[in-house]
Amino acid sequence: MADKIIEAKDVSKWYGTFRVLTDINLTVGKGERIVICGPSGSGKSTLIRCFNRLEAHQEGEIIVNGIRLHNRMRNVAEVRKHVGMVFQQFNLFPHMTVLMNCMVGPMWIKGVPEAAARKTALRFLERVRIPEQANKYPVRLSGGQQQRVAIARSLCMEPAVMLFDEPTSSLDPEMVAEVLETMTSLARDGMTMVCVTHEMGFARAVADRVLFMDSGRIVEEGKPQDFFTNPRHERTKLFLSQILSH
Ligand SMILES: Nc1ncnc2c1ncn2[C@@H]1O[C@H](COP(=O)(O)OP(=O)(O)OP(=O)(O)O)[C@@H](O)[C@H]1O
């Protein structure tokens, strides 16, 4: 297994003529927890979506768990076996129970037999502390519970890395804590994580490194203690002052 789970070298991406990512260099080691923050439109989502090939980059190199992502890839699904992703909207299948939501990935993508998929699903629903919701449909669950199901569903694929794209930003305030708690507990268990989030308390508590993106570039990065106490870049200072004053 690779020590470097994600390697991005000189990565650039355009939407038409608009350059959304410019010369991104980032290495995520096994067990590392990275938080990416930055203003709206700075390219944070686009960057992490490139890591599971939901978006294609045009220049540079991205290697995820030893798989090089490129335009001639025969099997994009291959990389998604290694990369779990949790979105702002939970994206659960509404016509399937919570348990089935967690079982279909392993069964359909990895060919895991039904009984084994059920066992794994129940294990991860326990892990996110909602095993009692297994037979309900997503619509019966609160937003926080649905997001924890989305996390369990990703974990069932036993990914090498979990990507989180603002997982708490569509939740009512009282449900943010339960999702952050789940993410913190995953981090404490050694899960490799890349999290786009503006939850700076989480970043301080959990991140090994915090990255600040602006206009498609990583303009600052550091350990949380340095990043928050002594940001170097003017844009980072401004961003932190705005976000921490809320
Ligand atoms: N499919 C697309 N086609 C064209 N432009 C896009 C597309 N997706 C995103 N963009 C543009 O690319 C830029 C970066 O978007 P992205 O969603 O990656 O930023 P972000 O930092 O995650 O922002 P936010 O915090 O608001 O989610 C924005 O200007 C956005 O409008």
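Predicted, not measured: the structure shown is a model, and the values here were computed from it. Order of appearance sets the numbers: ligands from 1, and atoms from 1 within every ligand.
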* **Side chain, backbone, both or neither: Glu166 near ligand 1, heavy atoms under 4.0 Å** => side chain
* **Side chain, backbone, both or neither: Thr46 near ligand 1, heavy atoms under 4.0 Å** => both
* Within 6.0 angstrom of Trp14 CH2, more than 12 heavy atoms from elsewhere -> yes
Min side-chain heavy-atom separation [X]-[Y] under 4.5 Å:
{"X": "Glu7", "Y": "Glu61", "result": "no"}
{"X": "His57", "Y": "Ser12", "result": "no"}
{"X": "Arg153", "Y": "Phe90", "result": "no"}

* Asked: atom 23 (O) of ligand 1: protein heavy atom closer than 4.0 Å?
  -> yes
* To do: Mark whether atom 9 (C) of ligand 1 lies under 4.0 angstrom from at least one protein heavy atom.
  => yes
* Do the ring planes of Phe212 and Phe227 sit parallel (below 30°), tilted (30 to 60°) or perpendicular (above 60°)? -> tilted
* Asked: Gln88: heavy atom below 4.0 Å from ligand 1, yes or no?
  -> no
* Structure fact -> Of Val20, Asp165, Leu21, Asp214, the residue with the heavy atom nearest atom 12 (O) of ligand 1 is Val20
* Below 3.5 angstrom, do we get any N/O pair linking Ser45 and ligand 1? -> yes
